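Here the structure comes first, spelled out in structure tokens, and everything after it is commentary.
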Number of protein chains: 4
Amino acid sequence: MPTATDTRARLLVAARQAFADLGYGRARVEDVVARAGVGHGTFYAYFKNKRAALAALISENATTLVDLAGQPWRPGDVRASLVEVLGGLSDLYDRDADLIALWTEASIQDPELGQVLDEVRRQFVARIARNIEHAAGQGVTRPVDPLTAATALAAMAEQTMFLRAVRGEPLDRDLTVETLADLWLHALYR
Amino acid sequence: MPTATDTRARLLVAARQAFADLGYGRARVEDVVARAGVGHGTFYAYFKNKRAALAALISENATTLVDLAGQPWRPGDVRASLVEVLGGLSDLYDRDADLIALWTEASIQDPELGQVLDEVRRQFVARIARNIEHAAGQGVTRPVDPLTAATALAAMAEQTMFLRAVRGEPLDRDLTVETLADLWLHALYR
Amino acid sequence: MPTATDTRARLLVAARQAFADLGYGRARVEDVVARAGVGHGTFYAYFKNKRAALAALISENATTLVDLAGQPWRPGDVRASLVEVLGGLSDLYDRDADLIALWTEASIQDPELGQVLDEVRRQFVARIARNIEHAAGQGVTRPVDPLTAATALAAMAEQTMFLRAVRGEPLDRDLTVETLADLWLHALYR
Amino acid sequence: MPTATDTRARLLVAARQAFADLGYGRARVEDVVARAGVGHGTFYAYFKNKRAALAALISENATTLVDLAGQPWRPGDVRASLVEVLGGLSDLYDRDADLIALWTEASIQDPELGQVLDEVRRQFVARIARNIEHAAGQGVTRPVDPLTAATALAAMAEQTMFLRAVRGEPLDRDLTVETLADLWLHALYR
DNA sequence: CATGAATGAGCCTTCATTCAT
DNA sequence: TATGAATGAAGGCTCATTCAT
């Protein structure tokens, strides 16, 4: 006895697969319902239209990323903190590469959705900036503009993970994490 | 009497505008020919299909980016070199934000085109890696894996510029360039 | 505990409302069941399909009209009879404007139903024709073809009431009734 | 060499046929283009959507009716005038029965179009009212409210013609015209 | 070379109807 | 009887592409 929630969840999983396989633009609703094993009309019982499924997919996963950056860096062992954060980010990208790619496409195809995602990114950057400010308050960093530096460092991490997980650049996971941690560390700290 | 070359060039400019305004996916051939001021059928006298126009647009501009990173860093004043390179990159992004956005979309919509662009990026990264190796040979850098570091640093620059020029993040041009140069410098050098 | 008859009656009322509000063509079964406060499937426990509900609605109200014209005109005061009949017709239209409009739509959308309604109208006309013939037998009318005249006079009354009640023409109720009675009277009688 | 105008005209004729045969609601765009002998997309090159074709069909024929009633009644021979007007109306209905039926359906399906058609009818009625007022000014009519009487008499003619031409009531053309003329004449004149 | 009318495959979306519970 | 989730046929509309002139 599949419940309504089951069906919706199945449709979301199917949508994620279909959008990942074909891209949101080229994926047809038929591709989604075929993967979900439901009829054509069922899709529209749960989503107003194709775009709404994308929006649901995005918004219901949007917090994952920002949550990850939430942990404050431990002052005692900044490098270990960074390795931990960046390692977690790497694993997130490995796990959700399809969603990340979708995120990128969604930003292009749907400006409104792009705004939502920009906001998520801004929160992610803000948490890093807060960490930088905190470290700066302790006098252990070089003088940098926290927000600009945070943007740049987040960009470095994000885009590197993206190239590795989504675009398939042959970068070793651990080496990448270690290197990024090193670069962050020396870029910021005295 | 417009020559064939003129018409083709007009179509490419029009395509760039249309694709930038509407996104490649939503731009219709009619949007392109309207901007070019030519008839509908003329488009197909110069391009096999819509995709071919995108490919031409990409490939005929692809060298701009990679060329820019070509200059070796001057050992005497690395920071000035970096500021110069990054400033040029920033200006490139400001000027060609529409093309960059198109690049991103093209990578998604057209895997084959994505390969081409990945190759461009790889060359860009390779030049940076060569610069890193060169500096490492002089013993002035910390020990890093040149390719991984180059990927990460290029990613930082690219993505930061992207956020600023394409996604409209309110980052000051000079502060961004200076900050990026600083981060690169201290991330790499002893 | 609503009985089956209750539910059916509620559905008919709801159907009449929904069809009146939206037109039969654009009203969805969902609009009907929502107004009736019953589940979607319940509709099909009482009606074979959407069309059957329309047919029931029409046929179960079809007699109202024809009954009204049933009274023979009182020879002693023809004008008062006409005012009475036409006034009743006017009130009927005011009360059942939605049904009348539905009748019109049903005739268009469903030829078979159109036949039913044509038959109702024919009976209405036939009763008028009989009144005309009766009056003619008494030698008080001008020579007219009873059926043609009855059709025309019925058409005048019907359509005028329709314009007033359904299409919203700003005609005063009493003036209209009086005028119609006068026109009928002088059109027919010497 | 079919010109653009040809194609549009062919589509309008085809739309009229298809809408008449099947009713606007049930006629598919495919039914129209099949009759016009053109491709599916061609329809949308000439009409924004299906509704626009209906609107064009209606508005481009809306004047026919009102023009017909334009002739003033000749005072010398009112009856002959009425026979002429009503005969013309009858022929119009015989010729354009499909359009008239469509008019009715359009009023139901599309309130906005209904407004347009109400306005046409109002003009028709206004011309009749003017004729009545003119006759009243000469003291030859019984006292009636011109607008109400005009509405009623127009309704009689319209609806009778409608029943004959559209709903197929077996009424003889000449007998109907003569009877209507008689009824109008005696209804109005002393 | 240039044109733009014509094409038709393809996709999103609606909604009357069914049926397992 | 009552429910409402599920169905899928059907149809409106778009737009890349072709081709006769």
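Computed from a prediction, not measured in an experiment: that's the story for all the values here. Letters go in sequence order (proteins before strands), and every chain restarts at 1.
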- Query: Does NZ or CZ of A:Lys50 fall inside the cone over A:Phe43's six-membered ring, less than 6.0 Å from its centre and within 45° of the axis?
  - Reply: no

- Message: When the P atoms of F:dT21 and E:dC1 are compared, how many Å lie between them, rounded to an integer?
- Response: 22 Å

- Considering heavy-atom distances to DNA chain F, does B:Lys48 or D:Gly25 have its closest nucleotide positioned more toward the 5' end? D:Gly25

- Query: Over how many whole Å does the gap from C:Tyr44 atom OH to E:dC15 atom P extend?
  - Reply: 12 Å

- Message: Just to be sure I understand the geometry, which residues of residues 31-41 of chain C put a non-hydrogen atom under 4.0 Å away from DNA chain F?
- Response: C:Val38, C:Gly39, C:His40, C:Gly41

- Message: What is the separation between atom CG on A:Asn49 and atom P on E:dC11, rounded to the nearest whole Å?
- Response: 17 Å

- Note on the structure: Taken in chain and number order and not counting sequence neighbours, the residues that satisfy side-chain hydrogen bond (donor to acceptor under 3.5 Å, both in side chains) with D:Arg35 are D:Asp21

- Message: Quick check for you: to the nearest 0.5 Å, what is the distance between B:Arg28 atom CZ and B:His40 atom NE2?
- Response: 9.0 Å

- So what does A:Ala27 hit on the nucleic acid, given a heavy-atom distance under 4.0 Å: a base, only sugar-phosphate, or nothing? sugar-phosphate

- Writing each nucleotide of DNA chain F 5' to 3' as (, ), [, ], | or . by Watson-Crick or G-U pairing under 3.5 Å yields .||||||||||||||||||||

- D:Lys50 side chain, from C-beta outward: closest of F:dG12, F:dT17, E:dA2: F:dG12

- Item | Pairwise 5' ranking along DNA chain E for C:Val29 and D:Phe43, keeping only the more 5' one | D:Phe43

